[in-house]
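Please read the structure below before turning to the comments.
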Amino acid sequence: MHNQNDIEILGKYLPNNSVKAVTKLIESLNFHLTISKSRKSILGNYKPPQKLNYHRISVNSDLHEIEFLIVLLHEIAHLINWNKHKQKVKPHGNEWKQEFRTLINSHILCGEFDTEIKDAIYYCYFQQSLISSSQCKNLHRILHKNENEHIDQLEDLPNGTNFMLKRNNKKFLKIKKLRKLYLCKEHESGKLYRVYSDAQIVKI
């Protein structure tokens with residue numbers, strides 16, 4: 001983020017009260033940030049400068065601004081960890097958790113954010129030691145509570161319930177749980193699919 005246009009673009013995705021601080025953080029670490037289209041399998045990604053001479057971070061563009069900030073800090077923690085340890089430590093080990101918590105504390109918990117949001121973030125990443133915003137169900141519900149109140153997550157529905165996926169409006173029948181995924185049958189084709197437990201759905 002080296003010019004005003006870049007800062008304005010970043011401001012479209014971050015909370016207003018975090019843009020300046022995060023911009024300075026990005027400039028100090030000197031990495032290439034890509035704001036990506038929605039990806040089913042990941043919310044963000046970090047790539048170290050192995051083949052290229054710079055770090056690369058990507059974050060999905062369709063996230064709530066608080067989730068965008070958390071995912072960005074998650075990936076920046078990987079970058080800082082790489083600079084300190086390279087591949088000598090685990091990707092989400094104690095060293096990474098310490099860097100992530102430091103960033104969360106500096107850019108969210110000490111900032112001007114709603115107390116309910118702060119409490120949910122502290123519970124998820126300090127008390128429960130979660131590593132992904134997709135795992136923090138309570139925070140997700142708080143951030144999206146003002147959206148369509150009929151929209152829920154697949155894991156909240158009982159087996160045998162018909163639902164529609166919010167992202168593509170396709171209709172399914174929920175059959176059973178398969179570890180972290182759910183086996184579902186698409187109405188139109190009759191095909192079976194594995195759907196993530198936190199997929200946003202509308203009960204029908």
Side-chain angles (χ1 to χ4, degrees), residues 1 7-23 25-26 33-46 57-78 92 96-97 99-157 161 163-169 174 180-182 195-204:
M1 298 292 156
I7 295 173
E8 290 176 357
I9 292 174
L10 187 59
K12 296 178 181 179
Y13 300 94
L14 286 170
N16 291 333
N17 55 5
S18 68
V19 175
K20 289 184 178 179
V22 172
T23 298
L25 179 63
I26 294 174
L33 174 63
T34 299
I35 300 175
S36 303
K37 294 181 180 179
S38 178
R39 292 169 290 186
K40 297 178 183 179
S41 57
I42 59 173
L43 302 180
N45 188 38
Y46 164 71
I57 287 177
S58 65
V59 181
N60 289 4
S61 62
D62 61 340
L63 303 177
H64 183 283
E65 59 184 21
I66 299 291
E67 292 172 321
F68 187 98
L69 176 57
I70 292 173
V71 172
L72 177 57
L73 296 179
H74 175 119
E75 304 307 337
I76 288 176
H78 281 303
H92 293 113
W96 175 86
K97 287 180 181 179
E99 299 296 345
F100 184 44
R101 287 172 176 173
T102 298
L103 290 169
I104 287 286
N105 187 60
S106 299
H107 293 274
I108 299 181
L109 298 186
C110 291
E112 298 176 359
F113 290 93
D114 183 85
T115 300
E116 186 180 26
I117 292 175
K118 285 185 178 182
D119 289 345
I121 290 173
Y122 182 83
Y123 178 74
C124 288
Y125 302 113
F126 286 78
Q127 292 186 314
Q128 288 193 307
S129 295
L130 301 180
I131 63 173
S132 170
S133 61
S134 63
Q135 297 175 328
C136 192
K137 308 301 183 185
N138 186 44
L139 176 62
H140 182 86
R141 290 188 177 94
I142 292 171
L143 296 179
H144 297 277
K145 65 183 178 181
N146 292 327
E147 296 177 3
N148 188 338
E149 58 186 21
H150 298 292
I151 294 174
D152 217 326
Q153 293 186 335
L154 180 58
E155 66 179 357
D156 298 322
L157 290 183
T161 304
F163 67 93
M164 180 176 68
L165 276 178
K166 182 184 174 185
R167 61 180 173 81
N168 59 17
N169 295 328
K174 180 179 177 181
K180 294 182 179 181
L181 303 176
Y182 284 91
V195 183
Y196 284 99
S197 61
D198 60 351
Q200 290 194 328
I201 58 91
V202 177
K203 182 179 178 180
I204 57 175

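The structure displayed is predicted, hence computed values, not measured ones. For reference, positions follow the sequence shown, starting with 1.
- For the salt bridge (Lys or Arg N to Asp or Glu O under 4.0 Å) test, residues two or more places apart in sequence or in another chain that qualify with E116 are K145.
- With sequence neighbours excluded, no residue satisfies salt bridge (Lys or Arg N to Asp or Glu O under 4.0 Å) with E67.
- Here the NE2-CG distance, from H74 to N45, works out to 9.5 Å after rounding to the nearest 0.5 Å.
- For the ring-ring contact (aromatic ring centres under 6.0 Å, His included) test, no residue two or more places apart in sequence or in another chain qualifies with Y196.
- Here the side chains of I142 and I66 are not in contact, with every heavy-atom distance at 4.5 Å or above.
- Within a 6.0 Å sphere centred on CD of E112, other residues, nucleotides and ligands contribute 12 heavy atoms or fewer.
- In this structure, the side chains of I108 and I70 come closer than 4.5 Å at one or more pairs of heavy atoms.
- The side-chain hydrogen bond (donor to acceptor under 3.5 Å, both in side chains) search around Y122 returns none, not counting sequence neighbours.
- A distance of 5.5 Å separates CD1 of I26 from CG of L33, quoted to the nearest 0.5 Å.
- Residues V71 and N60 fail the side-chain proximity criterion, which asks for heavy atoms closer than 4.5 Å.
- Shown here are the side-chain hydrogen bond (donor to acceptor under 3.5 Å, both in side chains) partners of Q128, two or more places apart in sequence or in another chain: Y123.
- The distance from the CZ atom of F68 to the CG atom of L43 is 11.0 Å, given to the nearest 0.5 Å.
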For a side-chain contact (heavy atoms from CB on, under 4.5 Å) check, start with the C-alpha distance between S129 and R101, then their side-chain angles and the critical distance, and finish with the verdict. CA-CA 9 Å; S129 295; R101 287 172 176 173; 2.6 Å; yes

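- Of all heavy-atom pairs between Q153 and D198, the closest is NE2-O, 3.7 Å.
- Contacts of K118 classified as side-chain contact (heavy atoms from CB on, under 4.5 Å), with partners at least two apart in sequence or in another chain: L109, F113.
- In plain terms, the two heavy atoms of E75 and S58 that are nearest each other are CG-O, 4.4 Å.
- Side-chain contact between I104 and F126 is present, with at least one heavy-atom pair separated by less than 4.5 Å.
- The distance from atom OG of S36 to atom CG of D62, rounded to the nearest 0.5 Å, is 10.0 Å.
- Contact between L73 and L103 at its shortest, heavy atoms only, is O-CD1, 3.5 Å.
- Using a 4.5 Å heavy-atom cutoff, the side chains of E65 and K12 are not in contact.
- Across all non-hydrogen atoms, the minimal contact from R39 to G44 is NH2-CA, 3.8 Å.
- Residues satisfying the side-chain contact (heavy atoms from CB on, under 4.5 Å) criterion with N168, sequence neighbours excluded, are L165, K170.
- To the nearest 0.5 angstrom, C136 atom SG is 12.5 Å from I131 atom CD1.
- We find that D156 and K137 are not joined by a salt bridge, their nearest charged nitrogen and carboxylate oxygen being 4.0 Å or further apart.
- In this structure, CE in M164 is found 9.5 Å from CD1 in I201, a value given to the nearest 0.5 Å.
- Nearest heavy atom pair, residue V19 against residue G11, reads CG2-CA, 3.8 Å.
- Every residue meeting the ring-ring contact (aromatic ring centres under 6.0 Å, His included) condition with Y46, not counting sequence neighbours, appears here in chain and number order: H55.
- Not counting sequence neighbours, H107 has no partner by the ring-ring contact (aromatic ring centres under 6.0 Å, His included) test.
- Not counting sequence neighbours, S41 has no partner by the side-chain hydrogen bond (donor to acceptor under 3.5 Å, both in side chains) test.
- Under the side-chain hydrogen bond (donor to acceptor under 3.5 Å, both in side chains) criterion, S132 pairs with S134, sequence neighbours left out.
- Under the 30°/60° scheme for interplanar angles, the aromatic rings of F100 and W96 are found to lie parallel.
- Side-chain atoms of K174 come within 3.5 Å of backbone N or O of L154 as a donor-acceptor pair.
- Residues forming a salt bridge (Lys or Arg N to Asp or Glu O under 4.0 Å) with D114 (at least two apart in sequence, or on another chain): none.
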